[in-house]
2 protein chains.
Amino acid sequence: MGDITIKELAQKLNVSIATISKALNDSHEISAATKEKVLAGVRKYNYTPNPNASSLRKKRSNTIAIVIPEVADSFFSQALKGIESIAQNLGYHVLIYLTYESFYKERLILNDIKNGRVDGVLMSISSETSNSLHIKALRDRNIPIVFFDRVMEETETAKVVTDDYQSSYKATQHLLERGCQHIAYLSTSKHLMISNERKDGYLQALKEHHIKASKHTVVQCSNHAEYNFTVLQKLLQQEDRPDGIIASIERLTSTIYLVCKELGIAIPGQLKVITFSNLDTAPILSPSLTTVSQPAFEMGRTAASILFKALQKKKLNIKNEKIVIPSVLVKRESTN
Amino acid sequence: MGDITIKELAQKLNVSIATISKALNDSHEISAATKEKVLAGVRKYNYTPNPNASSLRKKRSNTIAIVIPEVADSFFSQALKGIESIAQNLGYHVLIYLTYESFYKERLILNDIKNGRVDGVLMSISSETSNSLHIKALRDRNIPIVFFDRVMEETETAKVVTDDYQSSYKATQHLLERGCQHIAYLSTSKHLMISNERKDGYLQALKEHHIKASKHTVVQCSNHAEYNFTVLQKLLQQEDRPDGIIASIERLTSTIYLVCKELGIAIPGQLKVITFSNLDTAPILSPSLTTVSQPAFEMGRTAASILFKALQKKKLNIKNEKIVIPSVLVKRESTN
DNA sequence: GTGAAAGCGCTAACAC
DNA sequence: GTGTTAGCGCTTTCAC
């Protein structure tokens, strides 16, 4: 048994294909009786319209793409959930693409979806991305894009972010209040807005507390666990080692804990730790972890809502605005 | 600037649309010179074929669907990564659908992709799913499906699983060797093969060690954290409470740890814990967690490979076989 | 080796 | 309120 087409269904029901099409799109030109008849036929013969034909003709695919660096990460998997739940409600389909933090892949992906495959894009840029030509190419094709978390500042569209500067400032302040004198900030990308905002919040708090510049320590980490392990080993082995750490990404948590274990550094006794993280195991870590928890699901939902609203209004120029959903500093044992 | 079509490109290059189509599909009927010319034009005018038109005509979409219960879960997010990485290499697109453990949603989703939207499906069934009519409907449309982890036993196709029975047996044995006398098994779904396999492995190990039936404790948990919390509270408050726990799903880990904290039960002193889990925070939990680690990424990769191989051969009847990729028991402090 | 033309399954404009 | 028909952008015979 293959697919039944609109033509075959029309023959069986003794109506024209136009009538079926209109009935299914709930056109008001069709009588209630006919609609009922068509619907019954659809059920009986198990008819589903071919989306390729429909998309080709309508010039809309009812599909969006979500382009993110990674998915095995609590922030992105939760955000994805927020997006998918809304898409499912509205009858949209979701294509997922992972960039693995590669600008090259990101470019290939956007190029691959620029022609009719999707109606819109939700995106969090890779840590390598610093130029937006590939994004412009999408918008030139009238494909709206909404950023979440890692945004492209220069692109004029909606950006759903959290209060990175503020929450990093507060996190730093929390460590200072706990008596830290030498706080290190672990960064990853130099390009990413969020990374820089977090760094700036950190630096601002230090300045306000008159921490001298020699105790401003920004450590550049990478995407490779082994490399990061070595870097942190070095950091925590030095004479003048930090007594507090703010990690700008979740993935660093394990590395920090493991290095401390290896070097016999007690958390929080000798080192207090805060991570930007959505790990739901944070409360049961050893010690439980103080986190800056980002509203991942909510950010996903919000970004998706904005995009879908624009798509449904065919208003493809999305207002250039920043929607800020605050993060929460959850204090736990690692900063006691 | 809108999309450039094959027709427009043909005019600019002074060739027919057929020539362009053939050149792009690398047909041998086209001369090298013409191919070069077409490719140059494609680059110059930034032409991308419209996938809807192409799919409609070719009757293949170069797209697969992945249908899973959940994504904010280390097993599924890692499996998704395995799948996506292969798909990206082969030029396939990946639609993601979450069932949220609902059979109803699962049915709607499969119904929605049965007509030309996808060439194949990778799936892990919901915990509610016990009948396979919706899956049969897909296969009647010649859409191949490969299961991974949570398989539909009765459907004749490839199934990529881990050695659930064996690994649960080993986990139980490990607890017995550690001196546990009363081991509880935390189950979720009654329908899921994996759940029953794991339960059977557990029971078999108990039998072989002549543990009397009153110490065989299978606890039915749910998808709701609050409910599970109550159930575990009750379990661990009873006079004759277990001294070992095997949790069949990752999500229960936090609940177990939190209940123990609340009740003042020491892990591993008073209760030893093993979870089927891929948490990469397992080593840094308090105490670090003994896990049955499933080869999630590998399972995703394998399932995807089988599906793509079938698609490329147009051999849509996939051999009914079970590919078993073993899990690993990683011993840590929680069972010391 | 290249081009003309039919047609994939649908929607929308227009006719009745 | 329903039907006829053109055509979305591509691929694939089939001529030449």
Side-chain angles (χ1 to χ4, degrees), chain A residues 2-39 41-42 45-63 112-119 141-142 314, chain B residues 2-39 41-42 45-63 112-119 141-142 314:
Chain A
D3 305 357
I4 177 171
T5 70
I6 198 172
K7 203 167 146 193
E8 290 160 18
L9 185 62
Q11 278 167 356
K12 305 220 193 225
L13 298 185
N14 247 326
V15 292
S16 75
I17 60 168
T19 302
I20 294 186
S21 176
K22 286 173 187 163
L24 287 180
N25 290 295
D26 210 25
S27 159
H28 30 250
E29 334 179 13
I30 302 293
S31 72
T34 315
K35 270 183 195 168
E36 195 38 65
K37 178 177 165 189
V38 169
L39 256 38
V42 165
Y45 297 104
N46 200 9
Y47 168 72
T48 326
N50 181 313
N52 298 127
S54 170
S55 296
L56 177 59
R57 189 59 236 256
K58 288 209 274 200
K59 294 188 179 304
R60 53 202 316 284
S61 60
N62 265 279
T63 303
D112 213 17
I113 58 176
K114 74 174 188 286
N115 199 348
R117 195 178 294 276
V118 302
D119 298 336
R141 302 299 188 98
N142 286 319
K314 281 160 193 153
Chain B
D3 305 357
I4 176 171
T5 69
I6 198 172
K7 202 168 149 192
E8 289 160 18
L9 184 62
Q11 278 167 355
K12 305 218 192 226
L13 298 185
N14 247 326
V15 293
S16 74
I17 60 168
T19 302
I20 293 186
S21 175
K22 286 172 187 165
L24 287 180
N25 291 297
D26 209 25
S27 160
H28 32 250
E29 336 180 9
I30 302 293
S31 73
T34 316
K35 271 184 194 167
E36 197 38 65
K37 177 177 163 188
V38 169
L39 255 38
V42 164
Y45 298 104
N46 199 9
Y47 168 73
T48 327
N50 181 313
N52 299 126
S54 171
S55 297
L56 176 59
R57 190 57 238 256
K58 289 211 273 204
K59 296 192 178 301
R60 52 201 318 282
S61 60
N62 266 278
T63 303
D112 214 18
I113 57 177
K114 73 173 188 284
N115 199 349
R117 195 179 294 277
V118 301
D119 298 337
R141 302 297 189 101
N142 287 319
K314 281 161 192 150

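In the text below, chain A, chain B and the rest are named by the order of the sequence lines, each starting its count at 1.
Taking both residues in full, the closest heavy atoms of B/L24 and B/Y47 are given as CD1-CE2, 3.6 Å, listed atom of the first, atom of the second, then distance. The nearest pair of heavy atoms linking B/I17 to B/K7 is CG2-CA, 3.6 Å. Here the closest non-hydrogen pair linking B/S61 and B/D119 is N-OD1, 2.8 Å. Contact record, B/L13 with B/V38: CD1-CA, 4.0 Å, taken as the closest heavy-atom pair.
Here the side chain of A/P49 is nearest to one of C/dC10, D/dT2, D/dC10, namely C/dC10. You'll find that the side chain of B/L56 is closest to D/dG9, out of D/dG9, D/dT12, D/dG3. The side chain of A/K22 has C/dA13 as its nearest neighbour among C/dG3, C/dT11, C/dA13. Listed candidates were D/dC8, C/dC10, D/dT4. Nearest to the side chain of A/N50 is C/dC10. Comparing atom distances between the B/R57 side chain and each of C/dG9, C/dC8, C/dA13 picks out C/dC8 as nearest. Taking every side-chain heavy atom of A/I17 into account, C/dC10 is the closest of C/dT2, C/dC10, C/dA5. Between D/dG9, C/dG9, C/dT11, one nucleotide has an atom nearer to the side chain of A/K58 than all others, and that is C/dT11.
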Worksheet entry | Verdict with reasoning, A/K58 to A/N25, per side chain to side chain contact (heavy atoms under 4.5 Å, CB included) | CA-CA 12 Å; A/K58 288 209 274 200; A/N25 290 295; 4.1 Å; yes

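One interatomic measurement links the two molecules: CD1 of B/I4 to C1' of D/dC10, which rounds to 14 Å at whole-angstrom precision. For the pair A/K7 NZ and C/dC10 P, the interatomic distance rounds to 11 Å; values are reported in whole Å. Distance A/R60 CZ to C/dA12 C1': 15 Å, rounded to the nearest Å. Summarising the geometry, the separation between CD on A/Q11 and P on D/dT4 is reported as 12 Å, rounded to the nearest angstrom. As rounded to whole Å, 14 Å separates atom C1' of C/dT2 from atom CD1 of B/I6. Between the C1' atom of D/dC10 and the CD1 atom of B/I20 lies a distance of 11 Å, rounded to the nearest Å. Atom P of nucleotide C/dT2 and atom NZ of B/K35 are separated by 10 Å, given to the nearest angstrom.
Looking at heavy-atom distances under 4.0 Å, B/N25 makes contact with sugar-phosphate atoms alone, never a base. Contacts of B/T34 with the nucleic acid, taken as non-hydrogen atoms under 4.0 Å apart, involve only primed sugar atoms and P, OP1 or OP2.
Under 4.0 angstrom from either OP1 or OP2 of C/dG9 there lies at least one side-chain N or O belonging to B/K59. Here A/S21 reaches the OP1 or OP2 of C/dT11: one of its side-chain N or O atoms lies under 4.0 Å away. Listed pair B/Y47 / D/dG9 fails the phosphate criterion, with no side-chain N or O lying under 4.0 Å from OP1 or OP2. Distances shorter than 4.0 Å separate none of the side-chain N or O atoms of B/S54 from OP1 or OP2 on D/dG9. For A/S16, no side-chain nitrogen or oxygen approaches OP1 or OP2 of D/dT2 to under 4.0 Å. An OP1 or OP2 oxygen of D/dG9 is reached within less than 4.0 angstrom by no side-chain nitrogen or oxygen of B/T5.
Where B/A53 and A/I30 each meet DNA chain D at their nearest nucleotide, the meeting point lying more 5' is that of A/I30. The 5' end of DNA chain C is approached more closely, in terms of each residue's nearest nucleotide, by B/H28 than by the other of B/H28 and A/T48.
When each of A/T63, A/N50, A/N52 is tested with B/R117 by the rule side-chain contact (heavy atoms from CB on, under 4.5 Å), just one qualifies, namely A/T63.
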